[in-house]
Amino acid sequence: MSKPHLRLSGVHRHYGEGDRMVRVLEAADLEVQSGELVALVAPSGAGKSTLLHLCGLLESPQAGEIEIVGQPTSKLGDRGRTQLRRSTVGYVYQFHHLLPEFTALENVVMPQIIAGKPQKAAEERSMELLDLLGVAPRASHRPAELSGGEQQRVAIARAAANHPRVILADEPTGNLDPETSDLVFEALKSLIRNEGAAALIATHNYDLARRADRIVTIKNGLVVAHTV
Ligand code: ADP
Ligand code: MG
């Protein structure tokens, strides 16, 4: 079997010190393979966002190793981390953060232009993604003209624009109704399968999580299989 796209081993993350220390992760391990979608279900405050920030190299653990596409990150400096994040990680948030003055297409094109891709190739890639996510007919609309579910699918397309090997989504359906959540989750799933990315999705929605390949939770500082 090939190396997992995402691997955490012995990861410690706490905040504060002394009596006020909040221990979020203590020796946590996790592996996510290419094309695998793992749902992270845990109560509010359990550490879901912390875990995603660590996986996305937005925060560093106090101990342990995080490997992305086989590359250990604990010894990287800020620049190395930023570079690796930009080339390998796509992030989706609960609120889409699309740029309001640009169309759906332009929002997906932009990160590719920043990464140095020619305009035409960037537009082709964007249309392919918008199509895969079922929002191609909305390509020329601005975010304000899109429904919540459409906005979120455009945000997923944007996160996937530069072929990230790891996709992290922090409650991406958190502000959508159940039917729209279903649609967005299924779109995300077909994207993961198509692109062979590894995905970790934090969600409160257990009905959705059941459609992932695996469900994990955070318990006693560890990432463990979720049992009902
Ligand atoms: P979740 O996303 O599951 O709701 P978080 O990862 O946001 O949980 O938070 C986990 C715990 O860590 C909470 O107790 C939270 O208060 C604490 N925490 C998160 N970020 C910080 C921070 N920057 N400083 C201090 N405590 C934090
Ligand atoms: Mg959170």
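When a ligand or atom number is given, it counts from 1 through the structure's own listing order.
- Listed for the K48 side chain is a donor-acceptor partner under 3.5 Å among the backbone atoms of P43.
- Judged purely by atom type and a 3.5 angstrom limit, R165 has no side-chain atom pairing as donor or acceptor with the backbone of V89.
- Judged as a side chain to side chain donor-acceptor pair (under 3.5 Å), the pairs with a partner in residues 70-79 (not counting sequence neighbours) are, in order, E65-S74.
- Taking a cut-off of 2.8 Å, the protein N, O or S atoms nearer than that to the Mg ion (ligand 2) are S49 OG.
- At distances below 3.5 Å, not a single donor-acceptor pair connects side-chain atoms of T173 with backbone N or O atoms of L176.
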Got a list of side-chain donor-acceptor pairs under 3.5 Å for residues 195-203, not counting sequence neighbours?
| residue | atom | partner | partner atom | Å |
| --- | --- | --- | --- | --- |
| E195 | OE1 | R125 | NH2 | 2.6 |
| E195 | OE2 | R125 | NH1 | 3.0 |
| E195 | OE2 | R125 | NH2 | 3.4 |
| T203 | OG1 | N205 | N | 2.9 |

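- In this structure a side-chain-to-backbone donor-acceptor pair under 3.5 Å is present from R81 to E59.
- Side-chain atoms of R214 never come within 3.5 Å of backbone atoms of V38 as a donor-acceptor pair (strictly under, hydrogens ignored).
- Taking a heavy-atom cut-off of under 4.0 Å, ligand 1 is surrounded by Y15, V22, V24, P43, S44, G45, A46, G47, K48, S49, T50.
- Under the 30°/60° scheme for interplanar angles, the aromatic rings of Y93 and Y91 are found to lie parallel.
- With hydrogens and angles disregarded, no donor-acceptor distance shorter than 3.5 Å links the side chain of D131 to the backbone of A136.
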